[in-house]
Amino acid sequence: MRFGSGLALLSSAALLASGCSAFSEDGGSASGGSGTSVVAAFYPLAWLTERVAEGTGTEVELLTTPGAEPHDLELDVQRTALVSQADLVVYQAGFQPAVDDTVAQNAQGSSLDVAALAGLLPMDESAEEHEEHGEHGDEDGHDHGDLDPHFWQDPVRVATVADAVAGELAAIDEEHAEEYAANAAALREDLEALDASYAAGLADCERDTIVVSHDAFGYLEKYGLHIASIVGLSPDAEPTAAVLGRLQDLIEEEGITTVFSEPLEPALGESLAGDLGLTNGVLDPVEGLSDADSGEDYLSIMEANLAALQTANGCR
């Protein structure tokens, strides 16, 4: 799985199998490096941090195992040790409660909560409707409050967070401050180009509404899309009959041809598409990579998502 040369993936099972521990006896990182160490809570944060740190010797550890839902992350002793000994922890408060607690209790270095930096948007009305039916929040352990955490669906917000990460790293590792700044600037160029591709690619379409598994795509509304989700912000919730009935009516009214599934949680989308005789597409929320994503990264997955949206909505 390609995250870039500097990003080390921590798998507790793999570490145990190989007889390794998260850190060496002298307190160094798992790979024995002596440079700046960063822990990123989930994939988009790890990817942007690795891009910002490229060529500096900084090591980036990803807390969420590839193929696992980041919402469900629980931290074992080894991951807690990573948080405790990192020079910087990059996380998003409210998205992974276990990480929030561990940072508060164990982080010894700097920590960067990106929630405020990303300019999180309020949940849309569909998410609020799902919450009223008890489909997320305290009952299923994923209480995101009133804000949508999935900011990384907007590349410009990712660039803003990357700039902040560069600033934090420069303060910790002044020797490489210029490299962090240059890397963040180059990353911003890539992300702004992606943003422009979405704006142009979705500007002229037969339809502007998409049906998705869970409400992870609200930030795409900046491109003129309307998002209808089977469940709310939690991908492991169960849909109500009332919501399914309203979705069926919407699909018929709008002439929607595709229901989107997600790589890590495909069942909801597949089921509704099959029941209604529609195409089952794939739209990746980019919360984490699956085994099928080998060789992919944030940019390539977002580009694939754009192509899928254009096909589903008849864009020209």
Side-chain angles (χ1 to χ4, degrees), residues 3-4 6-12 15 20-53 56-66 68-118 120 141-145 147 149 151-152 157-158 160-177 180 184 287-288:
F3 293 87
L7 180 58
L9 292 175
L10 175 68
S11 167
S12 58
L15 287 171
C20 297
S21 62
F23 289 85
S24 61
E25 291 181 1
D26 63 1
S29 69
S31 60
S34 58
T36 303
S37 62
V38 183
V39 167
F42 57 95
Y43 174 70
L45 299 184
W47 176 79
L48 69 87
T49 303
E50 197 276 335
R51 283 287 306 264
V52 167
T56 65
T58 295
E59 297 177 355
V60 183
E61 299 276 7
L62 172 60
L63 287 182
T64 303
T65 303
E69 266 293 341
H71 300 263
D72 301 325
L73 179 65
E74 296 295 336
L75 299 184
D76 57 17
V77 172
Q78 290 163 320
R79 288 174 171 81
T80 300
L82 285 176
V83 171
S84 175
Q85 300 191 35
D87 295 307
L88 174 64
V89 180
V90 184
Y91 73 109
Q92 182 175 333
F95 185 60
Q96 296 171 296
V99 175
D100 296 353
D101 292 342
T102 301
V103 169
Q105 297 170 13
N106 296 284
Q108 301 298 311
S110 299
S111 58
L112 180 65
D113 172 14
V114 307
L117 301 171
L120 300 183
H142 304 302
D143 185 3
H144 299 295
L147 299 176
F151 74 88
W152 54 91
R157 283 180 162 82
V158 175
T160 298
V161 171
D163 289 341
V165 170
E168 288 288 326
L169 286 172
I172 294 168
D173 177 20
E174 295 182 4
E175 179 181 352
H176 295 102
Y180 295 130
E287 294 178 349

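Counting heavy atoms from C-beta outward, Val165 and Leu112 have side chains that approach closer than 4.5 Å. Two residues are said to be in side-chain contact when any heavy atoms from C-beta on lie closer than 4.5 Å; His71 and Gln96 fail this criterion. At a threshold of 4.5 Å between non-hydrogen side-chain atoms, the residues Leu75 and Leu73 count as touching. Residues Val90 and Val39 are not in side-chain contact: their nearest non-hydrogen atoms beyond the backbone lie 4.5 Å or more apart. Between Val38 and Ile172 the shortest side-chain heavy-atom distance does not fall below 4.5 Å.
No donor-acceptor pair under 3.5 Å is formed between the side chain of Arg157 and the backbone N or O of Trp152. Judged by distance alone, the side chain of Glu59 and the main-chain N or O of Gly57 form no donor-acceptor pair under 3.5 Å. Within the 3.5 Å criterion, the main-chain N or O of Leu82 finds no donor-acceptor partner in the side chain of Glu61. Of the possible donor and acceptor atoms, none in the side chain of Asn106 sits under 3.5 Å from a partner among the backbone N and O of Ser84. Side chain of Asp100 to backbone of Gly94: a donor-acceptor contact under 3.5 angstrom is found. For Ser110 (side chain) and Leu88 (main-chain N/O), no donor-acceptor pair under 3.5 Å exists by modelled atom type. A distance-only check finds a donor-acceptor pair linking the side chain of Thr64 to the backbone of Ala41 [under 3.5 Å].
Of all heavy-atom pairs spanning Val103 and Ser111, the tightest one is CG1-CB, 4.0 Å. When all heavy atoms are compared, the tightest approach of Gly288 to Tyr43 is CA-CB, 3.8 Å. In terms of heavy atoms, Glu74 sits closest to Ala98 at OE1-CB, 4.0 Å. Shortest non-hydrogen contact noted between Leu117 and Ala164 is CD1-CB, 3.5 Å. The two residues Ala184 and Asp163 come nearest to each other via the heavy atoms CB-OD1, 3.7 Å. Closest non-hydrogen pair, Gln92 versus Phe151, comes out as OE1-CE2, 3.1 Å.
Defined by atom type and a distance below 3.5 Å, a donor-acceptor pair is present between the side-chain atoms of Thr65 and Arg79. Using modelled atom types, one finds no donor on one side chain facing an acceptor on the other under 3.5 Å when comparing Gln105 with Thr80.
The distance from the CD atom of Glu168 to the OG1 atom of Thr49 is 10.5 Å, given to the nearest 0.5 Å. Rounding to the nearest 0.5 Å places CG of Leu147 at 13.5 Å from CZ of Phe95.
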For this session: Please report the C-alpha distance between Glu287 and Glu69 in whole Å, then the side-chain angles of each, then the deciding distance to 0.1 Å, and finally whether the side chain to side chain contact (heavy atoms under 4.5 Å, CB included) criterion is met.
Result: CA-CA 8 Å; Glu287 294 178 349; Glu69 266 293 341; 3.2 Å; yes
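Scanning for side-chain contact (heavy atoms from CB on, under 4.5 Å) contacts around Asp113 gives Tyr91, Ala93, Ala115, with sequence neighbours left out.
Between Phe42 and Trp47, the ring centre distance reaches or exceeds 6.0 Å.
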